[in-house]
Amino acid sequence: MAAKQEQVKVLGKWPSPFSNRVELALKLKGISYVYSEQDLSNKSLELLSSNPVHKMVPVLIHNGIPISESLVIVEYIDETWKSNPFLPPHPFHRASARFWSKVVDDKCLPALWNAIWCDEKGREKAVEEAMEALKILENEIGDRRFFGGDEIGLVDISANFVGYWVDILQGIAGLQLLASEKFPKLYKWSQEFKTHPIVKQALPPREELFAFFKSRTA
Amino acid sequence: MANEVVLLGYWPSQYGMRARIAVEEKGIPYEYKEEDAWNYDRSPLLLEMNPVHKKTPVLIHNGKPICESLIVIEYIDEVWNHKSPLLPSDPYDRAQARFWADFVHRKVYGAAKRIWTTKGEEREGGKKEFIECMKLLEQQLGEKPYFGGDNLGFVDVAFVPFYSWFQVYEKFGKFNMEAECPNIIAWAKRCLKKESVAKTLPDQHKVYDLAIWIRKKLGVE
């Protein structure tokens with residue numbers, strides 16, 4: 001008997017780590033999908049009607065029904081397609097994974113982004129905060145291969161910016177943020193992350209990402 | 001194994017109220033410990049249990065800490081899954097509940113804070129955004145008695161604590177909630193009929209007095 005035809009579509013923006021989280025999640029589950037690149041300066045009707053509240057990417061449209069907010073989408077994907085789970089079975093460890101995803105989203109990403117794009121005046125303080133954020137993750141990863149243990153989990157997916165984008169952007173900013181001497185365990189994790197056979201197919205090409213963000217510096 | 005549950009909270013905090021409503025809804029016996037957020041000497045217990053953020057609420061279950069209010073609600077729902085489900089079972093409905101709880105957590109909180117901690121244009125901006133959020137939430141509620149449907153759900157627990165702050169927003173923002181979003185007021189009063197909510201939400205006047213004190217401390221006006 002033929003499996004029910006799933007229609008999965010992603011509205012995204014290729015340089016966005018938030019958009020990338022969704023594609024990572026789908027690829028890790030082996031789900032085929034259609035990708036539609038969005039122009040955020042001229043938002044499509046499809047985007048506006050699928051995410052009327054925030055009008056942002058990413059949006060997952062599953063059998064015609066939209067879901068928004070990258071981490072909400074990743075948990076939806078995990079609950080809908082049960083192979084290769086992103087969350088462990090025990091409630092305490094699930095809560096811990098959700099907590100660390102939130103730390104990445106609320107604390108680490110803004111601190112790193114700010115340090116990279118900050119002007120000279122606020123640079124020192126911004127870099128200090130970014131280093132504190134990386135230290136927190138360094139302490140958390142410990143000797144594990146991934147935050148999810150032996151396999152990629154929710155926290156690894158959430159931290160894609162740390163695992164891939166930071167290395168490229170820090171070069172543009174002329175900063176040394178995620179350095180192996182300062183954060184050996186987190187650095188090792190970032191190497192495991194970006195060389196993972198499925199993840200590396202899902203990440204945007206390095207040169208293109210570099211060029212895209214370099215062109216944003218005046 | 002005996003279930004030992006301790007909840008560290010701060011009485012006017014919407015985040016702490018969420019965790020408290022959830023444990024009360026589930027009928028879980030627990031010990032509540034008050035942590036004064038304005039006392040910068042955090043208790044050793046809080047520092048040990050939430051070293052990353054040093055903030056409440058923290059749910060301590062058999063000695064193990066769970067932090068972040070929305071994560072605490074999901075944890076409680078997964079462990080005590082025999083009664084009063086707070087999240088629906090269908091993945092799409094769960095995604096919707098998480099989306100709207102996140103909306104309340106980030107957008108509503110941010111806009112509301114601007115109303116009472118800033119002045120002038122920034123305050124007006126906060127008020128405008130807050131009212132827009134309320135109208136979106138009214139639309140989302142629709143004809144349902146609760147966001148969770150027939151009973152309190154994830155979004156109700158995430159949002160109803162804001163009711164105790166409505167007088168603060170009204171007085172500083174100079175607007176009337178009942179006039180702007182009557183269905184939200186009706187929904188909140190319906191929630192207050194639930195013992196878990198009535199027991200948890202502090203009196204609006206008490207919260208207002210605290211807000212005045214905080215504004216003085218922050219040097220606003």
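Not measured: the values here are computed from a predicted model.
At a 4.5 Å heavy-atom cutoff, the contact between His54(A) and chain B is made by side-chain atoms alone. Proximity to chain B (any heavy atom under 4.5 Å) is restricted, for Trp100(A), to the side chain, taken from C-beta onward. With a threshold of 4.5 angstrom between heavy atoms, Tyr92(B) approaches chain A through its backbone and through its side chain. Heavy atoms of Asp93(B) lying under 4.5 Å from chain A are absent altogether.
Of all the listed residues (Ile73(A), Ile77(A), Ile65(A)), the one sharing the greatest number of non-hydrogen pairs under 4.5 Å with chain B is Ile65(A). Comparing Val53(A), Ile67(A), Thr80(A), Ile136(A) by heavy-atom pairs within less than 4.5 Å of chain B, the highest count is held by Val53(A). For the set Glu68(B), Lys64(B), Arg98(B), the entry with the most heavy-atom pairs within less than 4.5 Å of chain A is Arg98(B). Ranking Glu140(A), Arg98(A), Glu69(A) against chain B, the residue ahead of the rest is Arg98(A), based on heavy-atom pairs under 4.5 Å. With respect to chain A, the highest number of heavy-atom pairs below 4.5 Å among Gln96(B), Glu132(B), Arg106(B), His61(B) belongs to Arg106(B).
When all heavy atoms of Phe92(A) and Pro65(B) are compared, the closest pair comes out as CE1-O, 3.2 Å. Taking all atoms of both residues into account, the shortest heavy-atom contact from Ala95(A) to Ile71(B) is O-CG2, 3.6 Å. In this structure, Val72(A) and Ala95(B) approach most closely via the heavy-atom pair CG1-O, 3.3 Å.
Looking at heavy atoms from C-beta onward, Lys102(A) lies out of side-chain contact with His53(B) at the 4.5 angstrom threshold. Proximity of Arg94(A) to Tyr75(B): side-chain heavy atoms (C-beta onward) are nowhere separated by under 4.5 Å. Put simply, the side chain of Arg94(B) does not reach to within 4.5 Å of the side chain of Glu75(A), judged on heavy atoms.
Few gaps surround CD on Gln191(A); more than 12 heavy atoms of other groups in view lie less than 6.0 Å from it. Around the CD atom of Glu37(A), the shell of radius 6.0 Å holds more than 12 heavy atoms that belong to other residues, nucleotides or ligands.
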